[in-house]
Each structure stands twice: as C-alpha cells, then as structure tokens.
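Take a look at the structure set out below.
Positions are given from 1 along the sequence.
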Amino acid sequence: VLFILDLNSKSLASEVKIESDKVEFSNDSKNISFFSNVNINSSYVEISANSAIYDQVKEVISISGDPSSIKSNKKNNFFEI
C-alpha cells in the first residue's frame with residue numbers, strides 16, 4: 001500500500017510517501033493508521049517502523065516498533081537513530 005501526504009509544514013518536504021502492508025482510516029478521530037513494514041520517505045527524512053499513525057488534525061506522524069529507524073537527509077543536519 002502506498003499513501004502520499006501533502007503536508008503544509010515548512011519544516012518537512014511538501015510530499016511524504018508512506019508504504020505499509022495495511023492501512024486503516026478512522027473518520028471519527030481523523031487518524032490514518034499504517035501497520036507492518038512501514039516506510040516513510042520524503043526528500044528530508046527516511047523512516048522505517050512497525051506501525052505509524054498520521055493525525056490529520058495535528059498534522060503529526062507518530063511511529064512505533066522495535067526496531068524503528070529515522071535517517072535525516074537534510075543538508076548539514078544528518079542524524080540517524
């Protein structure tokens with residue numbers, strides 16, 4: 001499953017691609033949940049995790065999993081967790 005978000009935040013790239021094995025949308029909570037083999041990519045960051053939740057109201061992506069990884073590709077701001 002491939003899901004593309006267009007975020008308004010200036011700190012992130014304008015387009016974020018999310019891939020996962022399963023996606024659930026909750027209209028009540030305005031959340032989109034991604035499960036199993038989650039990969040989140042933009043021009044600034046690469047994230048892999050077991051699951052992720054995108055909160056449409058707060059425009060926040062929360063990730064979880066053991067292991068999870070975050071790699072920044074932003075110029076002069078390299079980090080890897």
Side-chain angles (χ1 to χ4, degrees):
V1 175
L2 174 64
F3 192 84
I4 299 175
L5 301 174
D6 186 15
L7 301 178
N8 294 324
S9 175
K10 291 183 181 180
S11 64
L12 292 177
S14 61
E15 185 175 273
V16 177
K17 295 179 183 177
I18 302 175
E19 295 181 73
S20 67
D21 291 343
K22 182 179 178 183
V23 177
E24 291 181 1
F25 176 75
S26 172
N27 200 30
D28 295 334
S29 65
K30 303 294 186 206
N31 287 342
I32 303 171
S33 299
F34 303 89
F35 301 101
S36 187
N37 299 314
V38 178
N39 291 299
I40 303 170
N41 293 295
S42 76
S43 58
Y44 293 121
V45 70
E46 297 173 17
I47 301 170
S48 63
N50 290 338
S51 64
I53 299 173
Y54 173 64
D55 184 320
Q56 293 183 48
V57 175
K58 296 178 183 177
E59 292 189 340
V60 172
I61 299 173
S62 303
I63 63 168
S64 64
D66 187 15
S68 293
S69 68
I70 302 173
K71 179 181 174 187
S72 173
N73 296 325
K74 192 172 180 180
K75 187 176 180 180
N76 299 325
N77 189 23
F78 180 81
F79 70 88
E80 191 166 347
I81 300 175

Gap separating the OG atom of S51 from the CG atom of D21, nearest 0.5 angstrom: 12.0 Å
May I ask whether V45 and I53 are part of the same hydrophobic cluster, defined by side-chain heavy atoms of I, L, V, M, F, W, Y residues being less than 4.5 angstrom apart, directly or through others? no
Tell me whether I63 shares a hydrophobic cluster with I32, the cluster being built from Ile, Leu, Val, Met, Phe, Trp, Tyr side chains joined at under 4.5 Å. yes
S64 and A49: which non-hydrogen atoms are nearest, and at how many Å? O-CB, 3.4 Å
Hydrophobic cluster identity match, I18 and V23, side-chain contacts under 4.5 Å: yes
Apply side chain to side chain contact (heavy atoms under 4.5 Å, CB included) to D66 and list each qualifying residue two or more places apart in sequence or on a separate chain. none
Contact summary for V57 and K30, nearest pair of heavy atoms: CG2-CB, 3.9 Å
Determine, using the 4.5 Å side-chain heavy-atom cutoff (strictly less than), whether V38 and F25 are members of one ILVMFWY cluster. yes
Contact check, side chains of F34 and E24, non-hydrogen atoms, under 4.5 Å: no
Determine the minimum heavy-atom distance between Q56 and N31, stating which atoms define it. N-OD1, 4.3 Å
Option from I61, N39, I40 for which side-chain contact (heavy atoms from CB on, under 4.5 Å) with I47 holds: I40
Test E19 against K17 for salt bridge (Lys or Arg N to Asp or Glu O under 4.0 Å), laying out the working first. CA-CA 7 Å; E19 295 181 73; K17 295 179 183 177; over 6 Å; no
